[in-house]
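Count residues from 1 along the sequence.
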Amino acid sequence: MSIEVKNIYKSFEGKKSDKLSVLEDINLTINDGELICLLGPSGCGKTTLLRLIAGLDQPTSGEIVANGEVVEKPSGDRAVIFQQYSLFPWLTVLQNVTFGLEMTNPGNKEENIAAAERYLKSVGLIEFKDSYPHELSGGMKQRVAIIRSLLNHSPILLMDEPFSALDMQNRHKLQEQLIGVWKRFENTIVFVTHDVDEAVYLADKIVILDKNPGKIANIVEVNIERPRKRDSEEFIALQDSIVENLDMGD
């Protein structure tokens with residue numbers, strides 16, 4: 001599903017009745033099946049833009065069109081994955097992960113369990129599949145919730161720094177899982193991050209935002225062949241170039 005962001009402005013009421021402008025003149029085309037990263041300093045409006053695409057908030061002016069329809073409210077076609085997650089406390093890890101699959105792929109219980117176990121194994125949680133959320137650490141709960149979201153296979157995934165609280169090893173594993181899901185199901189993904197390494201590893205296109213108010217400073221095409229190697233010369237060169245660009249924008 002494609003997404004068109006057209007002349008978006010977003011402001012909020014300030015403490016003294018003055019309007020605080022958060023986003024200004026945002027125009028962006030996200031093609032069907034693209035993986036886009038929104039990158040920029042804190043306060044540049046990355047999460048606000050994601051919420052507008054999700055239909056959780058409405059723009060002050062302009063419009064967002066997803067799959068030919070103006071976005072006015074949330075939709076099951078656009079799954080939102082935030083930094084904080086909630087699990088069903090009365091379900092085991094395995095039951096939490098397969099919950100969405102049972103609705104989207106009913107009648108295939110063995111297939112759903114096999115897929116869930118494969119993903120849990122990849123992030124080191126297979127031995128906790130029969131545990132309940134209260135028996136897990138915060139990081140483990142987070143990994144379970146991310147796996148559950150990835151397995152739901154919505155056409156559009158909107159992800160707000162979902163891996164930021166994880167250690168580097170699990171963050172890299174889940175980045176690989178995300179690429180695997182994206183390749184298999186051809187989702188359109190908008191991924192918010194403040195991590196340049198993560199953006200270069202994941203994205204087809206990196207949208208760099210400046211702040212005060214949030215504007216698109218640059219759009220970088222990432223033409224590095226997958227699977228990408230973080231120690232390759234072209235990866236490091238692009239990463240360094242983006243860091244310099246971000247520094248100039250601060």
Salt bridge (Lys or Arg N to Asp or Glu O under 4.0 Å) between K129 and E117, intermediate numbers included: CA-CA 8 Å; K129 69 177 184 177; E117 289 182 340; 2.7 Å; yes
Exercise: identify the closest heavy-atom pair between I53 and V71: O-CG1, 3.6 Å
V22 and G45 have their tightest heavy-atom pair at CG1-CA, 4.1 Å
Out of curiosity, does L49 fall in the hydrophobic cluster containing L56 (side-chain heavy atoms, cut-off under 4.5 Å, transitive links)? yes
Roughly how far, to the nearest 0.5 Å, is the OG1 atom of T48 from the CD1 atom of I8? 11.5 Å
Less than 4.5 Å apart, side chain to side chain, heavy atoms only: is that true for R51 and F82? yes
Would you mind telling me which of T92, L87, V144 makes a side chain to side chain contact (heavy atoms under 4.5 Å, CB included) with P133? L87
Out of curiosity, Q239 CD to S232 OG, how far, rounded to the nearest 0.5 Å? 9.5 Å
From CA spacing to verdict: side-chain contact (heavy atoms from CB on, under 4.5 Å), L39, I242: CA-CA 10 Å; L39 178 70; I242 292 171; 3.6 Å; yes
Is it true that K215 and D25 make a salt bridge, defined as a side-chain N closer than 4.0 Å to a carboxylate O? no
Do L238 and V243 share a hydrophobic cluster, counting only Ile, Leu, Val, Met, Phe, Trp and Tyr and linking them when any side-chain heavy atoms are less than 4.5 Å apart? yes
Has N218 got a side-chain atom pairing as donor or acceptor with I208's backbone, closer than 3.5 angstrom? no
Nearest heavy-atom pair of P213 and S21: which atoms, and what distance? CB-O, 3.3 Å
What's the verdict on side-chain contact (heavy atoms from CB on, under 4.5 Å) for K46 and L209, showing C-alpha distance, side-chain angles and the deciding distance? CA-CA 8 Å; K46 302 185 297 293; L209 297 175; 3.9 Å; yes
Residue pair I30 / V190, side-chain heavy-atom distance below 4.5 Å: yes
R228 versus V222: any side-chain heavy-atom pair under 4.5 Å? yes
Donor-acceptor pair, distance only, cut-off 3.5 Å: does the side chain of T193 make one with the backbone of D195? yes
Taking the side chain from Q58 and the backbone from E72, do they hold a donor-acceptor pair closer than 3.5 Å? yes
Can E34 and K205 be counted as an ion pair, charged N to O under 4.0 angstrom? yes
I need the single residue from K183, Q175, E176 that forms a side chain to side chain contact (heavy atoms under 4.5 Å, CB included) with I179. Which is it? K183
Please confirm whether R230 makes a cation-pi placement over Y201, using NZ or CZ under 6.0 Å from the six-membered ring centre and within 45° of the ring normal. yes
CG of N67 to CD of E4: how many Å apart, nearest 0.5 Å? 11.5 Å
Do the non-hydrogen side-chain atoms of V200 and F235 ever get within less than 4.5 Å of each other? yes
Same cluster or not: V123 versus L136, using hydrophobic residues (I, L, V, M, F, W, Y) connected whenever any side-chain heavy atoms lie under 4.5 Å apart? yes
Side-chain heavy atoms of L125 within contact of R143, under 4.5 Å: yes
Nearest heavy-atom neighbours spanning N27 and N7: OD1-N, 2.8 Å
Are I113 and V181 connected into the same hydrophobic cluster when the rule is that any two of I, L, V, M, F, W, Y join if their side-chain heavy atoms are below 4.5 Å apart? yes
Stacked cation flag K10 on F12, 6.0 angstrom / 45 deg: yes
To the closest 0.5 Å, what do you measure between OG (S131) and CG (N96)? 11.5 Å
Do V196 and D240 come within less than 4.5 Å of each other through their side chains, counting heavy atoms only? no
Can a donor-acceptor pair be found, under 3.5 Å and without considering hydrogens, that links the side chain of R226 to the backbone of L202? yes
Taking T98 for its side chain and L101 for its backbone only, find out whether a donor-acceptor pair lies under 3.5 Å. no
Is the backbone of L157 close enough, under 3.5 Å, to the side chain of R78 for a donor and an acceptor to pair up by distance? no
Inspect the surroundings of CD in E69 and state if more than 12 heavy atoms from other residues, nucleotides or ligands are less than 6.0 Å away. no
Between S2 and N31, do the side chains contain an N or O donor and an N or O acceptor separated by less than 3.5 Å? no
Kindly give the heavy-atom pair with the smallest separation between A116 and L151, and that separation in Å. CA-CD1, 3.9 Å
Is the ring pair F88/W90 parallel, tilted or perpendicular, if the boundaries are 30 and 60 degrees? tilted
Check the pair T60 / S11 against side-chain contact (heavy atoms from CB on, under 4.5 Å), numbers first and verdict last. CA-CA 6 Å; T60 303; S11 59; 3.4 Å; yes
Counting heavy atoms not belonging to E233, are there more than 12 under 6.0 Å from its CD? no
Please report the interatomic distance CD1(I219) to CD1(I206), rounded to the nearest 0.5 Å. 11.5 Å
side-chain contact (heavy atoms from CB on, under 4.5 Å) between V192 and D160, intermediate numbers included: CA-CA 5 Å; V192 168; D160 187 11; 3.4 Å; yes
According to a 4.5 Å side-chain heavy-atom criterion applied to Ile, Leu, Val, Met, Phe, Trp and Tyr, with indirect links allowed, do V220 and L35 form part of one hydrophobic cluster? yes
Between Q177 and S122, the two heavy atoms sitting closest are NE2-OG, 2.5 Å
Say you draw a straight line from NZ of K211 to SG of C44; how long is it, rounded to the nearest 0.5 Å? 8.0 Å
Heavy-atom side-chain contact between I146 and L166 under 4.5 Å: yes
What I'd like to find out is whether the side chain of I36 reaches to under 4.5 Å of the side chain of F191, using heavy atoms alone. no
